[in-house]
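In this text, all values refer to a predicted model and were calculated from it rather than measured experimentally.
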Amino acid sequence: MSDLTALTATALGARLAAGDVTAAEATRAYLDRILEHDGQLNAFRTVAADQALDRAAALDKARAAGSLAGPLHGVPIALKDN
């Protein structure tokens, strides 16, 4: 598996739609990247890893049931809180 965090959102969405990767795998890749780099970057105040993984699992379950929220279904995002 290539570095999922290097893909565009559209490319990752396509990989998710094709079944090449799950939302849980993509989320774990991003969480690992945050863990690796955030000590130096200090970009995140809060990382809700457990909630993100729970949501990814729910999105994977919805995809398996044929319920999609759109072309970016399962693509991880980060929210900036100012």
Side-chain angles (χ1 to χ4, degrees):
M1 183 181 311
S2 65
D3 181 9
L4 298 175
T5 65
L7 298 174
T8 65
T10 303
L12 181 54
R15 298 270 313 268
L16 287 160
D20 295 338
V21 64
T22 66
E25 291 169 333
T27 300
R28 174 50 57 201
Y30 276 94
L31 289 170
D32 289 347
R33 187 169 174 91
I34 291 167
L35 188 62
E36 180 181 353
H37 295 286
D38 198 47
Q40 181 181 7
L41 297 174
N42 210 14
F44 291 90
R45 172 177 266 177
T46 302
V47 177
D50 291 338
Q51 293 95 328
L53 290 169
D54 289 347
R55 181 67 177 141
L59 290 168
D60 286 335
K61 186 175 180 179
R63 181 180 295 281
S67 177
L68 298 177
L72 299 180
H73 183 101
V75 174
I77 62 166
L79 300 175
K80 175 117 176 108
D81 180 14
N82 283 339

How about Pro76 and Leu12: do any of their side-chain heavy atoms sit closer than 4.5 Å? yes
Show which side-chain atoms of residues 26-42 pair as donor or acceptor with protein atoms under 3.5 Å away, not counting sequence neighbours.
| from | atom 1 | to | atom 2 | distance (Å) |
| --- | --- | --- | --- | --- |
| Thr27 | OG1 | Ala23 | O | 2.8 |
| Arg28 | NH1 | Asp32 | OD1 | 3.3 |
| Asp38 | OD1 | Asn42 | N | 3.4 |
| Asp38 | OD1 | Ala43 | N | 2.5 |
| Asp38 | OD1 | Phe44 | N | 3.2 |

Among all residues two or more places apart in sequence or in another chain, which pass the side chain to side chain contact (heavy atoms under 4.5 Å, CB included) test with Ala17? Arg63
For Leu68, the other hydrophobic cluster members (4.5 Å side-chain criterion, sorted by chain and number) are none
State which residues pass side chain to side chain contact (heavy atoms under 4.5 Å, CB included) with Ala62; sequence neighbours excluded, sorted by chain then number. Ser67, His73
Restricting to pairs with a member in residues 44-62, which pass side-chain hydrogen bond (donor to acceptor under 3.5 Å, both in side chains), not counting sequence neighbours? none
Who clusters with Leu59? Use side-chain heavy atoms, under 4.5 angstrom, across I, L, V, M, F, W and Y, and order the result by chain and number. none
